Every structure is written in C-alpha cells, then in structure tokens.
Amino acid sequence: MAASTLRKIPASVWVLGFVSMLMDISSEMIHSLLPLFMVGTLGASAFAVGLIEGLAESTALIVKVFSGVLSDYLGKRKGLAIFGYALGALTKPIFAMAPTTGFILAGRLLDRVGKGIRGAPRDALVADVAPPEIRGAAFGLRQALDTIGAFLGPLLAVGLMLLWADDFRSVFWVAVIPGMLAVALLVAGVREPDRRSAEKRANPIRRDNLRRLGRGYWWVVAIGAVFTLARFSEAFLVLKAQKSGIPVALVPLVMVAMNIVYAASAYPFGKLSDRMNHATLLSLGLAVLIAADLVLALNGHWLALGIGVALWGIHMGMTQGLLATMVADTAPADLRGTAYGFFNLVSGVAMLIASAVAGLLWDRLGASSTFFAGAVFSVLALFGLLVKGRLK
C-alpha cells in the first residue's frame with residue numbers, strides 16, 4: 001500500500017522534494033553552527049540570537065504573502081520558486097565573510113526573503129499537481145525529503161568542523177555548493193501544470209476574493225499562529241546542547257538527530273492525515289511538544305537532551321505537513337498561493353514574537369525558563385483546540 005501511494009505521487013513533487021533537500025543541506029550547514037558562531041566568535045547575546053532568528057524567520061513567512069498572491073495573479077509558480085531559491089543560494093557567502101552580527105542579520109534577512117519568495121508558490125505547486133486523495137502523502141514526502149537535507153547539512157558540518165579544527169568560515173563556504181545545485185535541479189526538473197489561458201486574471205486580494213477564504217481556512221491560520229508561538233526557533237536547541245557540555249564541533253549533531261526523527265516521521269504522519277481527523281492529529285502533536293519542552297527544561301543531561309530533541313522532531317513530523325495540507329483543503333484552488341501567503345504572514349509575526357521572548361527569557365531567567373514558556377503556550381494551544389470542539 002505504501003509503495004502504491006508513492007508511485008502515484010507526481011514526478012514534480014519528487015523533484016521539488018530533492019530541490020528542498022539540497023537547499024536544506026546548504027542552509028543547515030550554516031544554521032546549525034550560526035548560534036555558536038554568533039555567541040562564541042562575534043560575542044552576541046542569546047537575546048540577539050533570538051531576535052536575529054525571529055526577524056529572519058518572520059521575514060520569510062511574511063514575504064510569502066506577496067509571492068503567493070503574485071503566483072495566483074500570474075497563474076505561474078515555477079519562476080517565482082526559481083528566483084527564491086537562487087536568492088537563497090547567493091546569500092551563503094555573506095556568512096563566510098561576516099565580520100559582525102550586523103552582516104549576519106543582513107545575510108539571514110536576504111536568505112529568508114529568498115525562502116519567503118519560493119515557499120508559497122512551491123507549496124501551491126505541490127497542491128496543484130498532487131491528486132486530492134493523496135495530497136497529505138505528497139506534502140509529507142516533500143517535507144521528508146526536505147528534512148533529510150536538514151540532517152545531512154549538520155552532519156556534513158560536524159565532519160568538516162572536526163576535519164578543519166572548528167573553522168566556521170570554511171564550512172560556510174562549502175555550503176554554497178548544494179545551494180547552487182538546488183537551483184539547477186529546479187530549473188531542469190520541474191514541469192509546471194498547464195493552466196487555462198482563457199482564464200481571466202484578477203487581483204487575488206480583492207474583497208470578493210478574500211471572502212472566498214472561509215471560516216475553516218481562517219481557523220487553520222489561527223491554529224498555525226499559536227503553534228508558532230509554542231515552537232520558537234531551533235537555534236535554542238543548539239544553545240541548549242552547548243550548555244549541556246557537548247563539544248562545539250559536535251553540537252550540530254543535535255540538529256542531525258532532530259531532523260532524522262522529523263524526516264522519518266513526516267511521510268507516515270502525512271499519509272495518516274489523509275485518513276485521520278486533522279484536529280485530533282494536531283492535538284497529539286501538541287502533546288508531544290509539551291513533553292519535549294518539559295524534558296528539555298527539567299534536565300540538562302545529554303540523555304535528556306537527546307530525548308527532548310527526538311520528541312521535538314516527532315512533533316514537527318506530525319504537524320508541519322498537516323498544516324500545509326489543511327491550508328490546501330480549505331482554500332479555493334485559484335487562491336492557494338494567496339492562502340499560503342496569509343497563513344505564513346500570521347505565522348511570521350508569531351515567530352518573531354516567540355523567538356524574541358525565548359531569547360529574553362534565556363538571558364534573564366536561564367535556559368529552563370525558555371522551554372517552560374514553550375510548554376505553557378503549547379498547553380494554551382491544546383486548550384484552544386478542545387474548546388473549539390473540533391475533536392471527533
């Protein structure tokens with residue numbers, strides 16, 4: 001049955017997954033080391049790390065509004081995706097040359113603008129080409145391949161850090177290569193489905209169009225925002241690993257472990273979402289995140305760190321592809337880019353708030369307070385789901 005479902009997934013979804021994998025290898029080689037580089041080499045505080053990460057990730061999510069709306073208006077997705085991936089690849093040298101945190105901030109913002117430009121058109125493209133009955137599996141597959149890159153990147157970073165005696169900048173230069181390969185594969189390997197040329201183009205954010213995004217869609221947007229508040233930047237997992245006494249060169253293994261679990265769980269849970277009540281699965285994902293936060297808050301031992309990181313990865317596998325599927329299921333086909341854009345705009349604001357608060361709590365009250373706060377937000381999100389009466 002599993003092999004049969006995989007065979008039904010269109011080739012373009014597979015290629016988009018491998019494109020995401022290559023770009024994630026490039027990005028995570030840098031991101032798995034960047035908090036240590038900022039704190040240890042450039043002298044940044046945990047609050048500065050949280051603020052930079054929050055600004056960067058929220059920028060990506062907010063830009064998705066404009067790229068999503070534009071992709072709906074043009075009726076084309078691929079060109080915007082190529083531009084976004086190319087911008088992401090071209091920003092990688094900034095990190096290798098950065099003398100101050102200001103350069104890091106500029107590089108992160110430009111990199112995330114690229115992510116924002118490509119994200120909504122890419123997700124809308126997956127929704128366009130995947131048959132509705134296997135849409136959850138298609139999003140799960142793309143997310144799984146993306147996440148394979150997210151653990152191969154830190155793994156490669158660890159190997160190079162050990163080989164080159166903790167030379168951050170050299171590792172950052174190597175990260176340029178898979179980013180460029182991702183762009184080349186996207187250009188050559190993805191075919192955009194034909195759209196009706198006679199279809200009249202209209203502004204997707206006109207009032208009558210926005211009214212077509214109904215209550216079910218806006219409920220998904222609200223839940224996505226609360227999830228983002230509960231799950232701050234993974235940079236704090238890296239800082240937690242350093243605080244646990246793990247050698248600098250081995251710290252990226254934390255992201256490797258988290259993303260192995262994420263990659264292994266994304267497709268099975270994506271396939272499960274095609275048959276299971278979505279709110280039930282979201283609630284289970286929140287319960288797993290609460291457990292992860294509490295384990296990370298209560299114990300600094302490396303074994304507890306490993307358990308917390310693994311639970312974090314399971315939560316990601318359960319919820320990220322599911323939320324993307326829920327947006328596709330609740331939005332009209334011709335407004336999917338816009339729908340992903342607004343979903344990510346709201347999540348982007350939440351990400352900025354969550355990461356800044358997490359960094360401030362870390363600096364003022366210690367690492368445990370950051371994870372306790374995440375658990376509290378997760379409990380509030382779970383309570384909101386129960387109050388809504390969405391569980392069957």
Side-chain angles (χ1 to χ4, degrees), residues 1-9 13-29 31-32 122-123 126 130 134-159 178 182 227 230-231 233-234 237-238 240-241 246 250-276 278 280-293 295-296 302-326 378:
M1 180 67 181
S4 173
T5 302
L6 286 173
R7 281 195 293 269
K8 292 178 183 176
I9 295 176
V13 175
W14 283 92
V15 174
L16 285 166
F18 284 113
V19 168
S20 294
M21 183 183 74
L22 286 167
M23 185 56 75
D24 252 32
I25 290 173
S26 175
S27 295
E28 293 304 324
M29 284 181 69
H31 299 165
S32 63
R122 180 203 61 210
D123 289 344
V126 172
I134 58 167
R135 189 173 285 148
F139 274 108
L141 174 68
R142 193 210 65 78
Q143 192 66 61
L145 289 171
D146 178 283
T147 310
I148 288 171
F151 74 73
L152 289 178
L155 197 59
L156 185 54
V158 168
F227 263 69
R231 192 192 63 253
S233 171
E234 284 135 22
L237 296 180
V238 174
K240 177 69 174 179
I246 297 175
L250 300 179
V251 165
L253 289 176
V254 168
M255 297 303 294
V256 172
M258 192 274 285
N259 284 302
I260 286 175
V261 176
Y262 185 2
S265 60
Y267 176 72
F269 280 117
K271 189 176 176 183
L272 180 62
S273 74
D274 289 326
R275 305 190 304 272
M276 184 177 181
H278 289 169
T280 301
L281 191 52
L282 283 175
S283 297
L284 292 173
L286 277 169
V288 173
L289 181 58
I290 292 167
D293 280 325
V295 169
L296 291 167
W302 64 267
L303 182 59
L305 175 70
I307 294 171
V309 165
L311 289 170
W312 194 286
I314 292 171
H315 154 78
M316 296 287 283
M318 294 175 77
T319 61
Q320 296 310 289
L322 173 58
L323 286 166
T325 301
M326 291 171 71
S378 299

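All figures in this text were calculated on a predicted structure; none of them were measured in a lab. Note that these values count all heavy atoms, side chains included, but never hydrogens, waters or copies made by symmetry.
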With a 4.5 Å heavy-atom cut-off, do [X] and [Y] have their side chains touching?
X	Y	answer
D293	S378	yes
T319	F269	no
F227	L286	yes
L296	L237	yes
P178	M23	no
L272	L281	yes
M326	L282	yes
V288	W312	no

Over all atoms of both residues, closest heavy-atom pair of [X] and [Y]:
X	Y	result
A241	L305	CA-CD2, 3.7 Å
A157	S32	CB-OG, 4.0 Å
V256	P154	CG2-CB, 3.4 Å
L145	G17	CB-O, 3.5 Å
G313	S265	O-OG, 3.8 Å
W14	L141	CE2-CD2, 3.5 Å

Separation of [Y] [atom2] from [X] [atom1] (nearest 0.5 Å):
X	Y	atom1	atom2	value
L16	M21	CG	CE	13.0 Å
M258	H315	CE	NE2	9.5 Å
L323	D123	CG	CG	11.5 Å
I148	D24	CD1	CG	11.0 Å
M276	L322	CE	CG	9.5 Å
L152	S26	CG	OG	12.5 Å

Evaluate the criterion side chain to side chain contact (heavy atoms under 4.5 Å, CB included) for residue pair S20 and R122; output intermediate values, then yes/no. CA-CA 10 Å; S20 294; R122 180 203 61 210; 4.0 Å; yes
